[in-house]
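Everything on this sheet refers to the single structure shown next.
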Amino acid sequence: MRIPYFLQGLLFGPAFIGLTLFLKIVCPVPAGAGCFADHLAVPIFLPLIFIYKIVDPGTVLAHEFLFLFIYWSLVGLLLGLILDLRKARSQY
């Protein structure tokens with residue numbers, strides 16, 4: 001039995017963020033040089049720009065990673081739910 005896509009998507013967000021942060025930590029280049037994980041960090045942290053404009057920046061700074069994990073988990077959940085509903089057979 002396969003795992004539903006919405007659960008796979010729900011788990012993909014935190015796994016992707018964790019993998020990117022892990023790659024940034026173990027990056028062998030010096031501090032000033034670029035790393036492969038830097039290119040992945042741009043789309044991950046992009047939703048924070050909109051939140052900083054809506055909510056007080058002091059509140060966002062305290063809960064940045066929590067917001068990112070929740071945001072990307074919900075995005076994965078919705079994409080997986082769309083795939084589940086698309087592949088479901090219609091009764092009509």
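The analysis underlying the following values was restricted to heavy atoms, covering all of them including side chains, and did not include hydrogens, waters or symmetry mates. Computed from a predicted model, the values in this text were never measured in an experiment. Count residues from 1 along the sequence.
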Sequence neighbours left out, cut at 3.5 Å: what donor-acceptor pairs do the side chains of residues 65-79 make with other protein atoms?
from, atom 1, to, atom 2, distance (Å)
W72, NE1, I44, O, 3.0
S73, OG, F69, O, 2.7

**Prompt:** Other hydrophobic cluster members with L46, side-chain heavy atoms of Ile/Leu/Val/Met/Phe/Trp/Tyr under 4.5 Å, chained?
**Reply:**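 The other cluster members (ILVMFWY side chains, heavy atoms under 4.5 Å, direct or chained) are I49.
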
**Request:** Please check if Y52 and I54 belong to a single hydrophobic cluster, counting links between Ile, Leu, Val, Met, Phe, Trp and Tyr side chain heavy atoms closer than 4.5 Å.
**Result:**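 Yes, because Y52 and I54 connect within a single hydrophobic cluster, where side-chain heavy atoms sit under 4.5 Å apart.
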
Return a table of donor-acceptor pairs under 3.5 angstrom between the side chains of residues 3-14 and protein atoms on other chains or two or more places apart.
from, atom 1, to, atom 2, distance (Å)
Q8, NE2, I3, O, 3.0

**Message:** Could you report the tightest heavy-atom contact between C35 and K24, atom names first, then the distance?
**Reply:**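 That would be CB-NZ, 4.2 Å.
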
**Asked** Roughly how far, to the nearest 0.5 Å, is CD1 of I17 from OG1 of T20?
**Response**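 The OG1 atom of T20 sits 7.5 Å away from the CD1 atom of I17.
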
